[in-house]
Amino acid sequence: MQNFHMPPTGYGPGSQTAEDGEELEYLPMPQDMRTYSAHLPEVEEAPAAALAMLDALAEACDRVAAGGAPERFDLSTMEARARAVMAETLGEGEVAMKIRGIPAIRVQESVFAGVWSLTGAGVDLVEVAQVPAAAIDRAADPYRPATGDAPGPGVVNAPALLVELQDHAANRQVAHHVINLSLLPHTEEDLAWLAARLGEGSVDILSRGYGNCRVTATALPRCWHVQFYNSTDQLILDTYEITAMPEVALAAGEDLSDSAERLREVREAIR
């Protein structure tokens, strides 16, 4: 057999020997994933107000999934028993938000994707939407204003990244732009200076699926700091995104359609 017919050597699994007998170690990847499981409230007879609200939420999910505007429902006027049934039925999904401002709002996605519970001083709402409107409206309200500090020692690549982020954020024709810090050379001083120059907005988001994804609004409009962690809380992907809302926090139209179906199933089971 001629040499050019021979398979190449030095490639593939087991071809590279480790020094001192050490084996190649891989960064642990996320293992467990949160999935939907139906939960029925333990009630002998569900209040009519709770059943009517579940019907209204299912219909709203259908409308929003078809491209309709977000819809809000006030739960503050419900009597205590009906409100308790709603709380137990909705449960807690994988996305939570903290929206600073007046009033400060705690947002918790229910087990039905796209159905959000909003609570705060004088606020007790359910919003059906891809994402609550307040999370977009208040995102760039400065919680920690951006600084104007000049680059100091150790700041190398951050000034160029800042210019890129500012240019794309100002261009409304750019619907989505990502800078992947995990693939770019940078120093610790780069990251600290960039964070200071961008400031911090008023919205923090935690999405729990495979591992955790932490999303922080910056004081630069449409600019978000998105960090993915594995199940051992090690940072595996660090990015800045220019967009109205990072996709990881959005409920898709298909999710809302599924939620409408599931809400009707739960409603029928507890009526």
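Note that these values count all heavy atoms, side chains included, but never hydrogens, waters or copies made by symmetry. Everything numeric in this text was worked out from a predicted model, so none of it was measured.
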Chemist: Enter the distance from C223:SG to L162:CG here, rounded to the nearest 0.5 Å.
Modeler: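 Rounded to the nearest 0.5 Å, the SG-CG separation comes out at 9.0 Å.
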Chemist: Are L263 and F73 linked, directly or through other ILVMFWY residues, by side chains that come within less than 4.5 angstrom of each other?
Modeler: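 Yes; tracing contacts between hydrophobic side chains, which count when under 4.5 Å, links both residues.
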Chemist: For a quick test of reading the model, state the closest non-hydrogen atom pair linking A129 to W116 and the distance between them.
Modeler: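 Closest heavy-atom pair between A129 and W116: O-NE1, 2.9 Å.
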Chemist: Do other residues, nucleotides or ligands put more than 12 heavy atoms under 6.0 Å from E188 CD?
Modeler: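 Open: at most 12 neighbouring heavy atoms sit under 6.0 Å from CD of E188.
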Chemist: W224, V107: one ILVMFWY side-chain cluster at the under-4.5 Å cut-off?
Modeler: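 Linked within one cluster.
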Chemist: Taking all heavy atoms of G154 and all of T187, pick out the closest pair and write down the distance.
Modeler: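 G154 and T187 have their closest heavy atoms at O-OG1, 2.6 Å.
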Chemist: Side-chain contact, heavy-atom cut-off 4.5 Å: I205 with M245?
Modeler: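 Side chain of I205 against side chain of M245, heavy atoms only: contact under 4.5 Å found.
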Chemist: Measure from the side-chain N and O atoms of T239 to the backbone N and O of V226, and report whether any donor-acceptor pair falls under 3.5 Å.
Modeler: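 Yes: the side chain of T239 pairs with the backbone of V226.
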Chemist: Has the side chain of H168 got a donor or acceptor atom that lies under 3.5 Å from a matching backbone atom of I242?
Modeler: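 Side chain of H168 to backbone of I242, a donor-acceptor pair under 3.5 Å: no, none is there.
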Chemist: When you check the gap from the basic side-chain N to the acidic O, do R214 and D204 get nearer than 4.0 Å?
Modeler: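 D204 and R214: not salt-bridged.
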Chemist: Do R138 side-chain atoms and V203 backbone N/O form a donor-acceptor pair below 3.5 Å?
Modeler: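 Flag not set: sc R138 to bb V203 has no pair under 3.5 Å.
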Chemist: Tell me whether V95 shares a hydrophobic cluster with V248, the cluster being built from Ile, Leu, Val, Met, Phe, Trp, Tyr side chains joined at under 4.5 Å.
Modeler: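 In one cluster: yes.
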Chemist: Using atom types as modelled and distance alone, determine if a side-chain donor or acceptor of Q130 lies under 3.5 Å from a backbone N or O of A251.
Modeler: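 Yes.
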Chemist: Does the distance from a Lys or Arg side-chain N to an Asp or Glu carboxylate O, for R72 and E127, drop under 4.0 Å?
Modeler: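 Answer for the salt bridge query: yes.
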Chemist: Taking only Lys NZ, Arg NE, NH1 and NH2, and the carboxylate oxygens of Asp or Glu, determine whether R267 and D55 approach each other closer than 4.0 Å.
Modeler: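 Here R267 pairs with D55 in a salt bridge, since their nearest N and O are under 4.0 Å apart.
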Chemist: Determine yes or no for a side-chain-to-main-chain donor-acceptor pair under 3.5 angstrom, with D190 supplying the side chain and A158 the backbone.
Modeler: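 Yes, because the side chain of D190 sits within donor-acceptor range (under 3.5 Å) of the backbone of A158.
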Chemist: Any side-chain to backbone donor/acceptor pair from S110 onto V115? Under 3.5 Å, distance only.
Modeler: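 Yes.
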Chemist: Run the side chain to side chain contact (heavy atoms under 4.5 Å, CB included) check on L161 and H186 step by step: do they pass?
Modeler: CA-CA 10 Å; L161 297 178; H186 59 264; 5.7 Å; no
Chemist: Nearest 0.5 Å please: distance from the CG atom of N212 over to the CD atom of E94.
Modeler: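 So the gap between those two atoms works out to 10.0 Å.
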Chemist: Ignoring hydrogens and angles, tell me if any N or O in the side chain of R208 forms a donor-acceptor pair with the backbone of G93 under 3.5 Å.
Modeler: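 Such a contact is found between R208 side chain and G93 backbone.
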Chemist: If hydrophobic clusters are built from ILVMFWY residues whose side chains come within less than 4.5 Å, do L250 and I99 share one?
Modeler: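 Yes, one cluster joins them.
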Chemist: Would the distance check show the side chain of S202 and the main-chain N or O of G101 forming a donor-acceptor pair, the cut-off being under 3.5 Å?
Modeler: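 Absent.
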Chemist: May I have the step-by-step check of side chain to side chain contact (heavy atoms under 4.5 Å, CB included) for R83 and D124, ending in yes or no?
Modeler: CA-CA 10 Å; R83 183 66 185 87; D124 187 8; 2.9 Å; yes
Chemist: Less than 4.5 Å apart, any side-chain heavy atom of E71 and any of L57?
Modeler: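 Heavy-atom side-chain distance check fails, nothing below 4.5 Å.
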Chemist: What's the shortest heavy-atom distance between E92 and Q108, and which atoms?
Modeler: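 What the structure gives for the nearest pair is CG-CG, 3.7 Å.
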Chemist: On a heavy-atom basis, which atom in E189 and which in P153 lie closest, and how many Å separate them?
Modeler: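 Closest pair (atom of E189, atom of P153, distance): CG-O, 3.5 Å.
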Chemist: Could you check if a side-chain atom of D62 sits within less than 4.5 angstrom of a side-chain atom of R264, using non-hydrogen atoms only?
Modeler: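 A side-chain contact under 4.5 Å exists here.
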Chemist: When you compare the side chain of V85 with that of L51, does any pair of heavy atoms fall below 4.5 Å?
Modeler: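 SC-SC contact between L51 and V85 ruled out.
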Chemist: With distance as the sole criterion, is a donor-acceptor pair present between the side chains of H225 and E200 under 3.5 Å?
Modeler: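 No pair is found: no donor N or O on one side chain lies under 3.5 Å from an acceptor on the other.
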Chemist: How many angstroms lie between OG in S207 and CE in M97, if you round to the nearest 0.5 Å?
Modeler: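 Rounded to the nearest 0.5 Å, the OG-CE separation comes out at 9.0 Å.
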Chemist: Looking only at non-hydrogen atoms, find the nearest pair between P142 and P145 and report the distance.
Modeler: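 Taking every non-hydrogen atom into account, CB-CA, 4.1 Å.
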Chemist: I'd like to know if the side chain of R222 reaches the main chain of T243, judged simply by a donor and an acceptor atom lying under 3.5 Å from each other, with no hydrogens or angles considered.
Modeler: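 No; judged by distance alone, with no hydrogens or angles, the pair does not exist.
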Chemist: Can you give me the closest heavy-atom contact between A121 and P103, atom names plus distance?
Modeler: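 Heavy atoms only, the tightest pair is O-CB, 3.8 Å.
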Chemist: Enumerate the salt bridge (charged side-chain N to carboxylate O under 4.0 Å, His left out) contacts for residues 234-259, please, sequence neighbours excluded, ordered by first and then second residue.
Modeler: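 Found none.
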Chemist: Would the distance check show the side chain of W193 and the main-chain N or O of D149 forming a donor-acceptor pair, the cut-off being under 3.5 Å?
Modeler: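 Yes; judged by distance alone, with no hydrogens or angles, the pair exists.
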Chemist: Linking I/L/V/M/F/W/Y whenever any side-chain heavy atoms sit under 4.5 Å apart, do L184 and Y240 land together?
Modeler: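 In one cluster: yes.
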